[in-house]
2 protein chains.
Amino acid sequence: MAYRKTPAEISRLEAAREHLIAAATSVVTEVGWSQASVTAVADSAGIAAGSVYQHFSSKAALAVEVFRRAAGREVEVLGTVLREPGTPVERLARGVEVFARRALENRGLAYALLAAPADPAVGAERLDYRRRYRALFAEVVHEGIEEGLLPAQNGEITAAALTGAVGEVLVDPLGAGDGETTEALLTELVAMALRCAGAPRP
Amino acid sequence: MAYRKTPAEISRLEAAREHLIAAATSVVTEVGWSQASVTAVADSAGIAAGSVYQHFSSKAALAVEVFRRAAGREVEVLGTVLREPGTPVERLARGVEVFARRALENRGLAYALLAAPADPAVGAERLDYRRRYRALFAEVVHEGIEEGLLPAQNGEITAAALTGAVGEVLVDPLGAGDGETTEALLTELVAMALRCAGAPRP
DNA sequence: GTCTATATGGGGATAGAC
DNA sequence: GTCTATCCCCATATAGAC
């Protein structure tokens, strides 16, 4: 009756695959896409380079999976925060803060997701996910306009500016290191975001 | 007395080098850094691949030179515009407009300068020039604060947002093609920039 | 299924003729 | 000084043993 895999076999394979993805994610976080060779990833996962191809048909396929997992988590979190109770202005402030805080807490990964040189397959995914981040920000801006809390504006551009600002902060180790400057940076970033969207001055 | 090069020889060499840089710039503009192989660049310049190494010690050295020329022009222009007569707010508006307009008029090059995947040597230059763009924007913001035209704020973050917004617009073919949408886009971008810096509402 | 060993291909860089 | 031809390295991907 061994005409198909037992659940145990399946979960072993799944686990190996997940382990590989996790290892690849950590390599990318540490050294970036360009330095994340198949050999380096396999070493990190504790398997042979050739064995990678038991789980993914190509390096690009693995890279895309790594990207989707990580970027998907951020979209998920941002979407949740932006839809929590509160006025659109409050939610925008909270969304920017959480987005930036998470990025600053995991700079390596955030940089990989937002900016690091990557092969074309990942680049295409990145475009897609950047649009999603922007769409989420734009949504709450539009709500703010409808409710009369924000002035008429192109929400897409405002959203682009917000994404760009966070990215820029990550690129330049400006708000690096210690927690105190991080908090100050977040405060300023949120203040900028609210001005950017035209929220009433506090 | 042929113990040193004649002026004519020197200018011939200079010209060949300049021609090579120009060809490399156009290749990078069209296909990006990653596709700009030595062979492709040499073909474009009408010389053999090996001859490239008469002018540059490595591909990276050529790439860095291409980057510096192009990015340097933008810094120059932005600096000039931001220092023309007018209030800081007026100059900021004009600076953002010119910066974005130039980028939109030469998307390929702007994308290469701001965002396209590139080898590490170019990446390092990019960091440096991004800081310069930001410093220029930040300077005018600080002036605005001193003159009481803008509220207290972290000018670096505002400047980062401005750079990021322009970059984002370039990445996503949102304001593509025809002149009408371009103008509308620029208007919105400038409006966003002024809100971002906290300029009084018009 | 995972290993070792190797094939394959591309791009940067060099050598030597002209 | 420029060309042609080639070398060399590295990374992906595959083949076959275990």
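Labels below follow one simple rule: chain letters A, B, ... track the order of the sequence lines, proteins then strands, and each chain is numbered from 1.
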If I take atom CG in residue B:Leu13 and atom P in nucleotide D:dT2, what distance separates them, rounded to the nearest angstrom? 7 Å

In whole angstroms, how far is the C1' atom of C:dG10 from the CD atom of B:Gln35? 12 Å

Return the value, rounded to whole Å, for the distance between atom CD of B:Gln54 and atom C1' of C:dC18. 14 Å

Establish, with yes or no, whether the OP1 or OP2 oxygen of D:dG1 is under 4.0 angstrom from a side-chain nitrogen or oxygen of B:Ser51. no

Length of the line joining B:Asp119:CG and C:dG11:P, which is rounded to integer Å: 14 Å

Look at the aromatic rings of B:Phe67 and B:Trp33 and report parallel, tilted or perpendicular, splitting at 30° and 60°. tilted

Is there a side-chain contact between B:His55 and B:Val52 (heavy atoms, below 4.5 Å)? no

Using a heavy-atom distance cut-off of less than 4.0 Å, which residues of residues 58-66 of chain B contact DNA chain D? none

Sidechain N-carboxylate O distance under 4.0 Å for B:Arg94, B:Glu90: no

Rounded to the Å, how far apart are A:Arg17 CZ and C:dT2 C1'? 18 Å

If you measure only the distance, is there a donor-acceptor pair under 3.5 Å linking the side chains of B:Gln153 and B:Thr158? yes

Given D:dC3, C:dG11, C:dC3, identify the nucleotide with an atom nearest to the side chain of A:Ala48. C:dC3

From NE2 of A:His55 over to C1' of D:dT14, roughly how many Å is that when rounded to an integer? 16 Å

Taking atom C1' of D:dT14 as reference, at what distance in whole Å does atom CZ of A:Phe56 sit? 19 Å

Examine the side chains of A:Thr29 and A:Arg107 and answer whether a donor and an acceptor come within less than 3.5 Å of each other. no

Check whether any side-chain N or O of B:Arg130 sits under 3.5 Å from a backbone N or O of B:Leu114 as a donor-acceptor pair, and report yes or no. yes

Among C:dT14, C:dG1, D:dC3, find the nucleotide with the atom closest to the side chain of B:Tyr53. C:dT14

Please report, rounded to the nearest Å, how far the C1' atom of D:dG1 is from the CD atom of B:Glu14. 15 Å

